[in-house]
Amino acid sequence: MFADLHLHTHFSDGTFSPEEIVARAERAGFSALALTDHDTVEGCERMAAACATAKIEFITGAELTAEHADNELHLLAYFVDPHNSKLLTELARFQLVRQNRIREIVARLNAINIPLVANDVFALANCRAPGRPHVARAMVQAELCGSLDEAFERYLKKNRPAFVPKAKMSALEAIELIHQAGGLAVMAHPGLNRTDEVIPALVAAGLDGIECFHTKHSTKTSERYLMIADQHHLLVTGGSDCHGKSKGKPLIGTIKLPYTHIEKLKQKVAERKLSTTNGHE
Ligand code: AMP
Ligand code: ZN
Ligand code: FE
Ligand code: FE
């Protein structure tokens, strides 16, 4: 039995619907899935329904963009209550940040005579948490550049003319937000962010786990983070970070996290619930 705990749908910057992801996961033989769209839990209801039909266990989730000591890092939230009002308020705030950022990116493109229209990006994104991949797709669609990669390389990535930094949640506050919503906080793809020095501070703030297995982690990188997880008594997670067809390959199926890790995650959620109801927290 195995799981994929890092998936994106068209509720953020993936191209698949929740139903399409589940159909693919079913064909690949997955027992459990988590949806981790950027800054939203909107897709979870449909994904849960599709998983129930396919007899796949579903874990509610989201991926939050956060920062600590000027380092950007992504935090995966698992088992959060999708109706938790504080969580929903904060997510709505960061969705607004994303929408305003799209307008700013488009304004910068317009300033260098690239006639992209913000409403075309919003129409294509058709979600509350739009991001740079949507800008890139809209540019390709409008024939303003040849490929998604070209859009990032020439305009959208850091130190390029249309790069706009994103206001981020403090990582320590994000961990607290996830916990008060009943969830576990997991550091996503540490091998990509290269911010290992922040791990002790996150652990002190209650970080629950670390994503050791990720499509872009080499075997050596995974082993390194397994060791770090062990040192700090952190849970281990893994996922493909599937974005549908937006990154060429669908990726789902590339990471098969052994189900024992899901059992450990559920055990921690249950323990935390018990200590909260007993008034120990
Ligand atoms: P954003 O949340 O708006 O900052 O966009 C981040 C998303 O853009 C993530 O899903 C990244 O994987 C994707 N991304 C970042 N750099 C590139 C790139 N060079 N080509 C394609 N996608 C990228
Ligand atoms: Zn993404
Ligand atoms: Fe990420
Ligand atoms: Fe992701």
Side-chain angles (χ1 to χ4, degrees), residues 3-18 20-21 25 33-44 47 59-68 71-78 80 91 94-95 97-99 101-102 105 121 124-138 148-149 151-152 156-158 163-166 168-169 171 174-175 178 185-196 198 202 207 209-217 221-222 225 237-255 257:
D4 187 333
L5 301 185
H6 195 151
L7 300 163
H8 296 269
T9 67
H10 61 52
F11 283 92
S12 68
D13 56 2
T15 63
F16 291 148
S17 65
E20 283 172 297
I21 292 225
L33 299 175
L35 180 59
T36 54
D37 271 317
H38 299 283
D39 299 327
T40 184
V41 289
E42 282 169 286
C44 288
M47 184 99 162
I59 296 165
T60 301
E63 182 173 15
L64 310 181
T65 310
E67 68 183 335
H68 184 73
N71 293 294
E72 173 167 334
L73 59 107
H74 296 177
L75 285 169
L76 297 162
Y78 292 120
V80 285
L91 291 179
F94 283 94
Q95 289 163 9
V97 164
R98 282 180 168 275
Q99 292 159 20
R101 178 174 176 242
I102 297 290
I105 292 173
V121 181
L124 178 144
N126 192 28
C127 72
R128 291 188 185 141
R132 284 178 293 163
H134 296 117
V135 177
R137 278 187 235 157
L148 302 179
D149 265 344
F152 270 92
L156 302 176
K157 73 178 198 183
K158 205 170 176 176
F163 175 76
V164 177
K166 189 165 53 186
K168 303 163 199 86
M169 220 179 289
I175 292 170
I178 293 165
V186 173
M187 188 182 190
H189 46 61
L192 302 193
N193 298 88
R194 295 164 203 258
T195 51
D196 292 3
V198 308
L202 301 189
L207 185 74
I210 195 161
E211 187 178 53
C212 296
F213 303 104
H214 182 274
T215 306
K216 288 195 177 157
H217 282 181
T221 301
S222 293
Y225 289 107
T237 75
S240 65
D241 211 351
C242 164
H243 279 75
K245 292 191 170 144
S246 71
K247 288 179 186 172
K249 277 185 250 145
L251 297 179
I252 184 162
T254 54
I255 299 288
L257 182 74

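Ligands are counted one by one from 1 in listed order, and the atoms in each one are counted from 1 as well. Residues: numbered from 1 along the sequence shown.
The Zn ion (ligand 2) is closest to atom NE2 of His243 (considering only N, O or S atoms). Closest to the Fe ion (ligand 3) among the N, O or S atoms of Glu63 is OE2. The Fe ion (ligand 4) is closest to atom NE2 of His8 (considering only N, O or S atoms). Distances from the Fe ion (ligand 4) to the N/O/S atoms of Asp241 are shortest for OD1.
Side chains of Asp241 and Thr215: no donor on one and acceptor on the other come within 3.5 Å. A donor-acceptor pair shorter than 3.5 Å can be found between the side chains of His6 and His8. Side-chain contact annotation: His38 with Asp13, donor-acceptor N/O pair under 3.5 Å present.
At a threshold of 2.8 Å, the Fe ion (ligand 3) has no backbone or side-chain N, O or S atom of His6 nearer than that distance. In summary, no N, O or S atom of His74 is located under 2.8 Å from the Fe ion (ligand 4). With a cut-off of 2.8 Å, the Zn ion (ligand 2) has no N, O or S atom of Asp241 in range.
From Asn71, atom CG reaches atom CG of Leu202 across 9.5 Å, with rounding to the nearest 0.5 Å. One finds the CG atom of Leu124 at 6.0 Å from the CZ atom of Arg137 (value rounded to the nearest 0.5 Å).
Side-chain atoms of His189 and Glu63, non-hydrogen and from C-beta on, do get closer than 4.5 Å to each other.
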